[in-house]
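These notes concern the structure reproduced below.
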Amino acid sequence: MTDVTSAAAATRLRRSPLHERHTALGAKFAPFGGWEMPLEYAGGGVLKEHTAVRTAVGVFDVSHLGKARVTGPGAADFVNACLSNDLGRIGPGQAQYTLCCDDATGGVVDDIIAYLYADDHVFLIPNAANTAEVVRRLRAAAPESVTVTDEHEAYAVLAVQGPRSAELLGALGLPTGHGYMSFDPAGLGGTELTVCRTGYTGELGYELVVPAEHAVAVWDALFAAGEAFGLRACGLAARDTLRTEMGYPLHGQDLSLEISPVQARSGWAVGWDKPAFWGRDALRAEKAAGPRRTLRGLEAVDRAIPRAGMTVHVGDAQVGTVTSGTFSPTKKQGIALALLDTDAQLADGDLVEIDIRGRRAQMRVTRPPFVHPSVK
């Protein structure tokens, strides 16, 4: 194999097992975390997809998300000693948002949903681009009794989100009555899958973890039943506007190795009293001293649309940087998450300005979410 061929293979994007279904729906694709994923679909685009999730039901293919399994005696205790949140707060059949932090700095390697099956079985869903690194760190720390398996491409994940999501799944005979952040095994047409009461939109919703070879059959079943409920295929662009309205962080923008959970106001996902987790000493020290910057919300006063990387100002002083910004289809205004200097002593309601290619636009500091959540 030539160097050129090797380079091309190394940069080749992975594809979802549903790629042909997306193509048939006129999807516009974009690279995301090493995958070629649908950004939006023909016949509506971001605004209609966003609205479908807020008012009816949408389905997202999020098969790019990572999957890793930790098994063996003491697996749950091992995961609990590594990741930030306290698995002891939940029981088998429940899920938990948690963070994989760097042990030395407390920076965020990734944010993860952990599914607790049993004391000897934990299933993890990290972000696509960070799966290999999360698995590497866990494997390096695991005792001989614990096995960490990368199952990134073994499963597809379909996120069915919106106020009519339970009606749609119920029409297919799938379970819907379990509580928020819990999961149930189920079957659909001979396919074994897991129905999780999780999501990234702020709406009532479910995520279906499906063996990759059965993803097309489950997708087709959803659409065969979905017309009666207003089902629409939704891409990652709508997923981003929906999560930004909720103030949900995106790793690589609002959380990163340089942005700690203390700065990102994600301390609720840290088991501060646990005897051990990666980054514990660094994070406790930062919490005690107070972070030098914190993640805040911004709402546009005028017609400005903030974007990641734009600087935030009070008069001549730069006081922060936008980490995520978009136009909110629900509020019909620009919204953003921004890291603001704590020394600026900004309160909710204070006015700041963002720099849009040399033009200043007013924003109002606020506390997310920008839209009232309906996840429960």
Side-chain angles (χ1 to χ4, degrees), residues 16-18 21 48-63 65 67 89-98 112-118 121-125 155-235 238-239 242-243 245-246 248 330 369 371-376:
S16 160
L18 293 161
R21 288 293 187 269
K48 286 190 176 180
E49 293 168 21
H50 181 109
T51 300
V53 174
R54 290 281 183 246
T55 61
V57 59
V59 60
F60 302 80
D61 177 10
V62 289
S63 300
L65 294 175
K67 303 96 190 171
R89 296 172 180 167
I90 66 172
Q94 293 181 297
Q96 185 181 72
Y97 178 82
T98 189
I112 297 168
I113 301 292
Y115 295 88
L116 180 62
Y117 280 83
H121 184 185
V122 182
F123 187 68
L124 304 175
I125 297 191
Y155 294 92
V157 182
L158 304 181
V160 182
Q161 302 281 299
R164 303 199 72 182
S165 58
E167 294 176 75
L168 170 56
L169 295 192
L172 293 172
L174 293 173
T176 60
H178 45 307
Y180 182 55
M181 295 299 285
S182 65
F183 59 96
D184 274 348
L188 180 62
T191 297
E192 294 184 359
L193 52 88
T194 303
V195 180
C196 311
R197 263 283 275 120
T198 51
Y200 196 49
T201 65
E203 294 295 334
L204 171 69
Y206 304 81
E207 291 179 311
L208 311 182
V209 181
V210 184
E213 63 271 23
H214 298 299
V216 169
V218 174
W219 177 273
D220 289 348
L222 287 169
F223 277 89
E227 184 176 357
F229 306 101
L231 179 66
R232 180 179 286 272
C234 301
R239 191 167 183 258
L242 289 157
R243 71 93 190 170
E245 286 187 344
M246 300 313 303
Y248 293 159
T330 304
V371 174
H372 186 71
S374 301
V375 292
K376 300 178 182 180

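Start at 1 with the first residue, then count along the sequence.
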Has the side chain of [X] got a donor or acceptor atom that lies under 3.5 Å from a matching backbone atom of [Y]?
| X | Y | answer |
| --- | --- | --- |
| Ser165 | Leu204 | yes |
| Arg197 | Val375 | yes |
| Glu49 | Gly235 | yes |
| Glu167 | Arg164 | no |

Determine the minimum heavy-atom distance between [X] and [Y], stating which atoms define it.
| X | Y | answer |
| --- | --- | --- |
| Ser16 | Asp61 | OG-OD2, 2.5 Å |
| Leu172 | Ala225 | CD2-CB, 3.8 Å |
| Thr51 | Thr55 | O-OG1, 2.7 Å |
| Thr176 | Gly170 | CG2-N, 3.9 Å |
| Val216 | Pro17 | CG2-O, 3.6 Å |

Check: Does the side chain of Val59 come within less than 4.5 Å of Leu168's, by heavy atoms?
Finding: no
Next item on the list: Using the test ring-ring contact (aromatic ring centres under 6.0 Å, His included), find all partners of Tyr117 that sit at least two apart in sequence or belong to another chain.
Entry: His121, Phe183
Notebook entry, point to check: Residues in ring-ring contact (aromatic ring centres under 6.0 Å, His included) with Phe223, at least two apart?
Noted result: Trp219
Check: Got a sec, which residues hit salt bridge (Lys or Arg N to Asp or Glu O under 4.0 Å) with Arg21, two or more places apart in sequence or on another chain?
Finding: Asp220
Checklist line | For Thr330, all residues meeting side-chain contact (heavy atoms from CB on, under 4.5 Å), sequence neighbours excluded | finding: His50, Arg54, Glu245, Ser328, Val371
Next item on the list: List the steps and the verdict of side-chain contact (heavy atoms from CB on, under 4.5 Å) for Lys67 and Val157.
Entry: CA-CA 10 Å; Lys67 303 96 190 171; Val157 182; 3.7 Å; yes
Straight-line distance of [X] [atom1] to [Y] [atom2], nearest 0.5 Å:
| X | Y | atom1 | atom2 | result |
| --- | --- | --- | --- | --- |
| Leu222 | Phe229 | CG | CZ | 11.0 Å |
| Tyr248 | Tyr97 | OH | OH | 10.5 Å |
| Thr98 | Arg89 | OG1 | CZ | 9.5 Å |

Notebook entry, point to check: Among Arg239, Gln161, Arg243, whose side-chain hydrogen bond (donor to acceptor under 3.5 Å, both in side chains) with Thr201 holds?
Noted result: Gln161
Note to self: Suppose we screen for side-chain hydrogen bond (donor to acceptor under 3.5 Å, both in side chains). Which residues come up paired with Tyr115, at least two apart in sequence or across chains?
What the structure shows: Thr198
Notebook entry, point to check: Where do Phe60 and Leu242 land on the side-chain contact (heavy atoms from CB on, under 4.5 Å) test, with the steps shown first?
Noted result: CA-CA 12 Å; Phe60 302 80; Leu242 289 157; 3.7 Å; yes
Next item on the list: Evaluate side-chain contact (heavy atoms from CB on, under 4.5 Å) for Ile113 paired with Met181, printing each intermediate quantity in order.
Entry: CA-CA 9 Å; Ile113 301 292; Met181 295 299 285; 4.2 Å; yes
Just distance, no hydrogens or angles: give the donor-acceptor pairs under 3.5 Å from side chains in residues 184-196, sequence neighbours left out.
none

Note to self: Over 60° means perpendicular and under 30° means parallel, so tell me whether Tyr206 and His178 are parallel, tilted or perpendicular.
What the structure shows: tilted
